[in-house]
2 protein chains.
Amino acid sequence: MSRAKARAALLGELEEAMRRSSAQGVLYGQAVANVAGIANSDLECMDILYLEGRVTAGRLAEVTGLTTGAITGVVDRLEKAGLVRRERDEHDRRKVFISVIPETGAKIGELYVPMQQAMEKVFSAYSDEELRLLLRFANEGYKGVLAATTALKGLLDTPPEKRPQLKLKKHPRQT
Amino acid sequence: MSRAKARAALLGELEEAMRRSSAQGVLYGQAVANVAGIANSDLECMDILYLEGRVTAGRLAEVTGLTTGAITGVVDRLEKAGLVRRERDEHDRRKVFISVIPETGAKIGELYVPMQQAMEKVFSAYSDEELRLLLRFANEGYKGVLAATTALKGLLDTPPEKRPQLKLKKHPRQT
DNA sequence: ATATATATCTTAGTCACTAAGAGATTTAGT
DNA sequence: ACTAAATCTCTTAGTGACTAAGATATATAT
């Protein structure tokens with residue numbers, strides 16, 4: 001096999017492996033929501049709250065891409081489940097801050113522990129230098145996917161006949 | 001900073017970077033479904049059809065975790081959109097095989113091209129050996145996530161007081 | 001002051017999903 | 001062969017999360 005072909009094969013395997021693991025990641029998230037007894041978007045909002053801390057309802061809508069009306073429902077459900085609290089902003093009384101109630105919110109955090117343990121185990125087999133490579137890739141991959149998302153959405157605004165002709169590379173293994 | 005602390009920091013960064021990029025991957029998928037004008041699960045089924053080729057309705061239900069009733073709806077919509085075709089199995093006439101209609105199905109494939117191009121660009125900066133490391137990690141990561149999913153679901157069957165005590169490691173940056 | 005803008009919530013309607021069971025076909029037991 | 005049980009898909013009724021549009025309350029600008 002030529003060097004170029006070997007690399008192409010490697011890239012193909014890599015693409016499939018990454019697709020598979022990312023799909024499994026999605027399934028893990030669904031399982032978490034399922035076990036927690038909350039909807040998928042509700043969990044997504046909990047994640048955002050963990051990452052960003054106290055945020056407004058509008059911010060949740062912005063980040064999730066849901067309408068503000070949908071967020072009202074999300075927060076209602078999370079509040080009823082005792083996971084978050086609504087607090088009016090005293091400086092701008094139109095705004096509503098949402099924050100996690102630590103005790104109950106922590107129970108959601110626990111559900112990520114199996115994942116963290118599994119990943120710790122995987123990571124333990126790598127040297128610091130190897131981990132740095134993985135980190136570099138994760139960051140660059142993120143930027144790549146972000147750019148791809150933007151490009152894809154751009155296609156929507158471009159009339160079909162003006163779209164850059166994409167050489168169609170089919171998904172592997174159409175049996 | 002001690003060697004151990006440096007590594008812990010590295011692991012933390014890695015965890016966050018991977019979480020972010022995988023979240024962005026989900027968003028890309030949603031954008032694809034959005035542009036294609038089909039529901040999320042519909043796209044998931046198209047992906048499975050690309051990966052596995054001609055499969056039965058029951059198999060789609062099994063892989064997606066949806067009920068067979070839901071799959072009937074998925075296939076109805078995909079069929080109406082001209083993306084797939086139903087074919088009764090002649091050997092077992094209860095079964096219905098679903099297969100992608102190549103011409104229209106290829107249009108969905110095109111929507112993944114921006115992603116493939118972006119990733120190709122990212123990958124181009126890595127040596128073959130580095131890519132092999134990434135591949136190894138992707139495969140091991142997949143197994144890890146899979147194991148974590150199983151472990152998580154196992155928690156459901158274990159009465160709360162019998163669950164292995166998980167040392168709670170909170171999500172980063174609860175601001 | 002009045003108008004405009006902003007932030008959240010409400011309402012009505014839609015759509016994908018589940019649970020339960022119906023129909024069609026195949027497989028197993030006698 | 002004949003009946004019963006199992007298997008596979010579809011149908012039906014009901015639920016829940018979502019959107020679009022507009023109501024409400026508060027803040028900002030003229």
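Chain letters run A, B, ... following the sequence lines, proteins first and then strands; every chain starts at 1. As the structure is a computational prediction, the values presented were derived from the model and not from experiment.
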Next item on the list: If the plane angle is over 60° it's perpendicular, under 30° parallel, otherwise tilted; pick one for B:Y126 and A:F137.
Entry: perpendicular

Check: Of all heavy-atom pairs between B:Q116 and A:E15, which one has the smallest distance, and what is that distance?
Finding: NE2-OE2, 3.5 Å

Margin query: What's B:R86 touching, base or sugar-phosphate or nothing? Going by heavy atoms closer than 4.0 Å.
Written below: sugar-phosphate

For [X] and [N], what is the distance between atoms [atom1] and [atom2] respectively, to the nearest whole Å?
| X | N | atom1 | atom2 | result |
| --- | --- | --- | --- | --- |
| A:F97 | C:dT6 | CZ | P | 17 Å |
| B:L60 | D:dC10 | CG | C1' | 15 Å |
| B:I98 | D:dC8 | CD1 | C1' | 12 Å |
| B:E87 | D:dT9 | CD | P | 14 Å |
| B:Q30 | D:dC18 | CD | P | 11 Å |

Checklist line | A:M46 side chain reached by A:L78 side chain, heavy atoms, under 4.5 Å | finding: yes

Note to self: Has A:S21 got a side-chain atom pairing as donor or acceptor with B:G141's backbone, closer than 3.5 angstrom?
What the structure shows: no

Check: So, A:R54 side chain and A:S99 main chain: donor-acceptor pair closer than 3.5 Å or not?
Finding: no

Margin query: Assess whether a salt bridge exists between A:E62 and A:R59, defined as any Lys/Arg side-chain N lying under 4.0 Å from an Asp/Glu carboxylate O.
Written below: yes

Check: Hey, mind stepping through A:I71 and A:C45 against side-chain contact (heavy atoms from CB on, under 4.5 Å) and telling me if it holds?
Finding: CA-CA 9 Å; A:I71 293 298; A:C45 286; 4.2 Å; yes

Next item on the list: With a 4.0 Å heavy-atom cut-off, tell me which residues in residues 89-96 of chain B come close to DNA chain D, sorted by residue number.
Entry: B:R94, B:K95, B:V96

Next item on the list: Apply side-chain contact (heavy atoms from CB on, under 4.5 Å) to B:R86 and B:I98, showing your working.
Entry: CA-CA 5 Å; B:R86 273 185 170 95; B:I98 320 295; 4.1 Å; yes

Item checked: Annotated protein contacts, base or backbone, on nucleotides 10-21 of chain C with a non-hydrogen cut-off under 4.0 Å, one of B, S, - each -> B-----SSB---

Notebook entry, point to check: On DNA chain D, nearest-nucleotide positions of A:R88 versus B:V75: which is more 5'?
Noted result: B:V75

